[in-house]
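When reading the values below, keep in mind they use all heavy atoms of this one structure, side chains included, and skip hydrogens, waters and symmetry mates. Given the structure is predicted, the values throughout are model-derived calculations rather than measurements. Sequence lines set the chain letters: A, B, ... in the order given, protein chains first and strands last, and positions in each chain run from 1.
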2 protein chains.
Amino acid sequence: MYEDMFIHLQKIIRTMLPDNTEKMEEAAYMLRAISNGTRLQVIATLSEKEELSVSQLQEQLNCEQSLLSHHLTDMRAKGVLNCRREGKNCYYSLKNKQIIQILNCINSCNCN
Amino acid sequence: MYEDMFIHLQKIIRTMLPDNTEKMEEAAYMLRAISNGTRLQVIATLSEKEELSVSQLQEQLNCEQSLLSHHLTDMRAKGVLNCRREGKNCYYSLKNKQIIQILNCINSCNCN
DNA sequence: AAAATAATTTCATATTTTTTAATATATTAT
DNA sequence: ATAATATATTAAAAAATATGAAATTATTTT
């Protein structure tokens with residue numbers, strides 16, 4: 001559905017004004033695609049391992065097969081992840097590594 | 001409940017590893033506190049106007065009274081917003097302006 | 001071709017989140 | 001004290017999301 005969720009979200013945020021209800025809804029919709037423990041784990045794992053099959057992810061995350069597949073399918077549909085089939089396996093990777101920055105930027109803000 | 005959602009989220013992210021399920025869940029929980037159109041609107045509006053009463057926000061966002069109140073109450077509980085009573089009015093403000101950076105950083109990342 | 005493996009899909013259920021309506025509380029104005 | 005205004009709370013309904021089980025598809029191995 002979405003080519004690249006990060007770029008998409010970025011575009012929305014760039015052009016959004018507080019009173020633009022639609023844009024805000026869309027940005028929220030994108031954020032919700034990652035606002036889940038398992039999904040954050042997927043993102044964090046793939047930021048380290050580059051590419052992993054569903055079963056490899058399953059092992060790492062200790063997540064039930066079907067549930068993980070549901071999450072992966074949806075994250076792919078929303079442009080968070082990429083998927084490549086090789087034989088029996090499906091290898092998932094981050095569509096855009098910059099998505100990690102959503103986490104990193106929070107990390108690197110100089111607070112007081 | 002949470003003193004400052006941003007700081008809290010920051011701490012979690014700083015110390016989180018892909019395999020730390022609990023931390024990931026907590027980070028996701030925090031992100032969900034802002035992954036909603038109305039809530040993003042509140043944040044964006046308060047980043048411009050500093051402090052607004054519920055009815056002022058209501059007007060700006062064109063959001064039903066009770067619904068807005070629910071959102072505000074929850075965002076306050078999760079440390080996103082601050083609230084100050086003055087007479088009949090309750091003035092809400094961002095607890096930590098850096099929360100805008102969650103949006104801004106997405107905006108300012110140099111892509112590809 | 002049958003069995004095995006990897007992953008997705010479908011469907012039903014559970015849980016969470018959002019929304020609405022009605023009521024309650026707190027403060028100020030009359 | 002009563003009425004009016006601003007906001008919060010409670011309770012219920014509606015909508016969205018997450019979860020798990022079973023069936024299905026795709027590919028490889030035997």
Does A:Y92 put a side-chain nitrogen or oxygen below 4.0 Å from OP1 or OP2 of C:dA6? no

Can you tell me the distance, in whole Å, between the CD1 atom of B:I34 and the P atom of C:dT17? 14 Å

Can you tell me the distance, in whole Å, between the CG atom of B:L67 and the C1' atom of C:dT17? 11 Å

Whole angstrom value for the distance that separates C1' of D:dT17 from OH of B:Y29: 16 Å

If I take atom CG in residue A:L68 and atom C1' in nucleotide C:dA6, what distance separates them, rounded to the nearest angstrom? 12 Å

Tell me whether the side-chain N or O atoms of B:Q65 pair up with the base of D:dA8 as donor and acceptor below 3.5 Å, since no angle test is needed here. yes

So, with a heavy-atom separation below 4.0 Å from DNA chain C, the residues of residues 81-88 of chain B are B:R85, B:G87, B:K88

Just to verify, what does A:E86 make a side chain to side chain contact (heavy atoms under 4.5 Å, CB included) with, not counting sequence neighbours? A:R84, A:Y91

Touch class at under 4.0 angstrom, heavy-atom based, for A:T38 against every strand present: nothing

How close or far is atom C1' of D:dT17 from atom CE of A:M75, stated in whole angstroms? 14 Å

Tell me what A:T73 touches on the nucleic acid: a base, only sugar-phosphate, or nothing, going by heavy atoms under 4.0 Å. sugar-phosphate

Looking only at side-chain N and O atoms, does A:N36 come under 4.0 Å of OP1 or OP2 in D:dT17? no

Are the side chain of A:R32 and the backbone of B:S35 linked by a donor-acceptor contact shorter than 3.5 Å? yes

Tell me: NE2 of A:H71 to P of D:dG20, nearest whole Å? 9 Å

Sequence neighbours left out, what passes side chain to side chain donor-acceptor pair (under 3.5 Å) with A:K97? Give chain and number order. A:E50

Test item: B:Q58 side-chain N/O and B:S55 main-chain N/O as donor-acceptor pair under 3.5 Å: no

Send over the distance from B:Y91 OH to C:dA26 P, rounded to a whole Å. 19 Å

Could you list the residues that satisfy side chain to side chain donor-acceptor pair (under 3.5 Å) with A:N62, not counting sequence neighbours? none

Checking all strands, does A:S69 fall into the base, sugar-phosphate, or nothing category for heavy-atom contacts under 4.0 angstrom? base

Within the sub-3.5 Å range, which N or O atoms of nucleotides 10-16 of chain C have a protein N or O partner, and how far apart are they?
{"from": "C:dT10", "atom 1": "O4", "to": "A:H70", "atom 2": "NE2", "distance (Å)": "2.9"}

Give a yes or no answer on whether the side chain of B:Q56 reaches the backbone of B:S53 with a donor-acceptor pair at less than 3.5 Å. yes

A:R76 side chain vs A:L81 backbone, donor-acceptor pair below 3.5 Å: no

Quick check: on DNA chain D, is the nucleotide nearest A:S35 upstream (toward 5') of the one nearest B:Q56, or the reverse? Name the residue that is more 5'. B:Q56

Please indicate whether B:E59 has more than 12 foreign heavy atoms, meaning atoms of other residues, nucleotides or ligands, lying under 6.0 Å from its CD. no

Between the CG atom in A:L52 and the CG atom in A:L61, the distance rounded to the nearest 0.5 Å is 8.5 Å

Distance-only donor-acceptor hits, side chain of residues 66-73 of chain B, under 3.5 Å, sequence neighbours excluded:
{"from": "B:H71", "atom 1": "ND1", "to": "B:R39", "atom 2": "NE", "distance (Å)": "2.8"}
{"from": "B:H71", "atom 1": "ND1", "to": "B:R39", "atom 2": "NH2", "distance (Å)": "3.3"}
{"from": "B:T73", "atom 1": "OG1", "to": "B:S69", "atom 2": "O", "distance (Å)": "2.7"}

Ranking A:E64 and B:L72 by the position along DNA chain D of their nearest nucleotide, the one closer to 5' is B:L72

How close or far is atom P of C:dT17 from atom CD of A:E25, stated in whole angstroms? 16 Å

Please determine if a side-chain N or O atom of B:N89 lies less than 4.0 Å away from the OP1 or OP2 oxygen of D:dT5. no

